[in-house]
Amino acid sequence: MILVTMPLVALGMMLGRSRTTVMQLRQSLRRTQDLTRDSNRVHRRRMADVAEERSQSIRAATLSERTRIAREIHDNVGHLLTRAIMQSQAGKAVADATNNPIAAQSFSELNATLSEAMTMVRRSVHDLEDDGTDFAAQIADAAHTFGDASADFNVMVSNDIIDAPAPVARCFATVIRESLSNVARHSEAKSATVTLRDFPALWQLIVQDPGPAKPSTPAYSESAPADTEVFRGMGLSDIEYRVRSLGGTSSCGPYGNGWRVFVTIPKQQWTYHNRGE
């Protein structure tokens with residue numbers, strides 16, 4: 001009986017060990033599979049990040065090249081056309097002075113053709129410049145220029161404008177930088193808000209800080225007159241000029257305990273003529 005039981009016990013022990021070994025192998029396999037899946041996920045994320053960075057780099061390079069081409073056309077072809085227009089006008093003046101109607105008519109037609117060509121070049125330049133402008137990127141860069149340089153200052157951006165002409169983007173970016181610079185110089189605020197809204201008839205920009213003003217800065221006081229030199233020294237005249245050149249309006253002044261810059265630029269008044277050169 002013992003002789004029969006001992007082999008069975010040994011066999012049972014061997015089977016138990018085998019089962020334990022199989023379970024350990026299965027667990028090891030599962031761990032290996034989990035590690036492989038995690039590794040694949042990390043790899044895919046890295047590849048997606050690299051692809052996104054590459055796409056953004058290509059887009060940035062494309063936008064930069066479009067802007068460069070627009071500037072080249074504006075500075076070179078535009079200059080030559082302007083000179084040709086002036087020469088045709090001078091030629092017509094000479095023809096009129098010498099009583100040469102045929103030459104005067106020819107110079108007049110030439111002037112009209114050159115002026116039409118200049119208009120087409122300007123439109124092409126503005127289209128290229130607009131296509132080469134990443135509005136959201138310009139606004140984000142302007143809004144965080146000061147915030148990134150100061151660890152204890154926070155700029156909150158709310159941007160509803162998907163796209164706008166290049167001069168409008170440049171104007172808003174300049175206003176944002178100037179406004180935040182003023183906050184740094186004249187306010188004890190640790191934060192500021194930049195809000196951009198896209199309405200059917202206009203674009204709107206609001207830059208606001210909660211204050212309070214620094215003790216040495218009376219410009220934030222509700223009782224301070226709006227035409228004091230300290231106001232003008234804050235760069236508000238430059239803001240007003242830039243906004244007015246695009247047919248817009250600006251309002252800068254105390255708001256609560258802080259300061260607010262309020263800018264609107266109408267869309268209906270936006271033409272190739274007032275876009276600027």
Can you measure from CD1 (Ile139) to NE2 (His144) and round to the nearest 0.5 angstrom? 11.5 Å

Report the distance from atom CD of Glu116 to atom CD1 of Ile85, rounding to the nearest 0.5 Å. 11.0 Å

Heavy atoms only: give me the nearest Phe153-Ser191 pair and the separation to one decimal. CE1-N, 3.7 Å

Taking the basic N atoms (NZ, or NE/NH1/NH2) and the acidic carboxylate oxygens, is any pair closer than 4.0 Å for Asp141 and Arg177? yes

Walk me through it: do Leu180 and Val207 pass the test side chain to side chain contact (heavy atoms under 4.5 Å, CB included)? CA-CA 8 Å; Leu180 294 179; Val207 183; 4.2 Å; yes

Spacing of Gln89 atom CD and Phe107 atom CZ [to the nearest 0.5 Å]: 12.0 Å

Once rounded to the nearest 0.5 Å, what's the spacing between atom OG of Ser251 and atom CZ of Arg260? 6.5 Å

Note, Ile176 side chain near Leu205 side chain (heavy atom, < 4.5 Å): yes

Run the numbers on Thr264 and Thr249 for side-chain hydrogen bond (donor to acceptor under 3.5 Å, both in side chains), then give the verdict. CA-CA 6 Å; Thr264 60; Thr249 59; 2.9 Å; yes

Please examine the side chains of Phe199 and Lys267, heavy atoms only from C-beta on, and report whether any two atoms are closer than 4.5 Å. no

Check whether any side-chain heavy atom of Ile239 lies under 4.5 Å from a side-chain heavy atom of Thr174, and answer yes or no. no

Run the side-chain hydrogen bond (donor to acceptor under 3.5 Å, both in side chains) test on Gln204 and Arg197 for me, step by step, so that the C-alpha distance in whole Å, both residues' side-chain angles and the decisive distance to 0.1 Å come before the verdict. CA-CA 5 Å; Gln204 184 184 88; Arg197 297 190 179 100; 2.9 Å; yes

Do Leu202 and Ile161 sit in the same hydrophobic cluster, where Ile, Leu, Val, Met, Phe, Trp and Tyr count as joined when their side-chain heavy atoms come under 4.5 Å apart? no

How far does CH2 of Trp259 sit from SG of Cys252, to the nearest 0.5 angstrom? 7.0 Å

Specify the closest pair of heavy atoms between Asn111 and Ser88, including all atoms of both residues, with the distance to one decimal. ND2-OG, 3.0 Å

Rounded to the nearest 0.5 Å, how far apart are CZ of Arg242 and OG of Ser250? 12.5 Å

Please determine which of Asn182, Asp209, Asn257 meets the side chain to side chain contact (heavy atoms under 4.5 Å, CB included) test together with Ser187. Asp209

Determine whether Trp203 and Phe172 make a side-chain contact, defined as any pair of heavy atoms from C-beta on separated by less than 4.5 Å. yes

Between Asp198 and Asp160 the two heavy atoms that sit nearest each other are CB-O, 3.8 Å

Can you find a heavy atom in the side chain of Lys92 that is under 4.5 Å from one in the side chain of Val94? no

More than 12 foreign heavy atoms under 6.0 Å from CG of Leu29: is that the case here? yes

Got a sec: does the CG of Leu35 have more than 12 other heavy atoms crowding it under 6.0 Å? yes

Minimum heavy-atom separation for Val243 and Cys171, please, with both atom names. CG2-SG, 4.0 Å

If you draw a 6.0 Å radius around CE in Met86, do more than 12 non-hydrogen atoms from other residues or ligands fall strictly inside? no

Side-chain touch Val194/Ser158, heavy atoms, less than 4.5 angstrom: no

How far apart are the closest heavy atoms of Leu114 and Leu81, and which atoms are they? CD2-CD2, 4.1 Å

Side-chain touch Val261/Tyr255, heavy atoms, less than 4.5 angstrom: no

I would like to know whether Met156 and Asn154 meet side chain to side chain contact (heavy atoms under 4.5 Å, CB included); could you show each step before the answer? CA-CA 6 Å; Met156 294 162 286; Asn154 182 37; 3.6 Å; yes

Minimum side-chain heavy-atom gap Phe135-Asn159 below 4.5 Å: yes

Consider only side-chain heavy atoms of I, L, V, M, F, W and Y, link residues closer than 4.5 Å, and tell whether Val168 and Val157 are in one cluster. yes

Grab the two heavy atoms, one from Ala189 and one from Val183, that are nearest each other, plus how far apart they are. CB-CG1, 4.4 Å

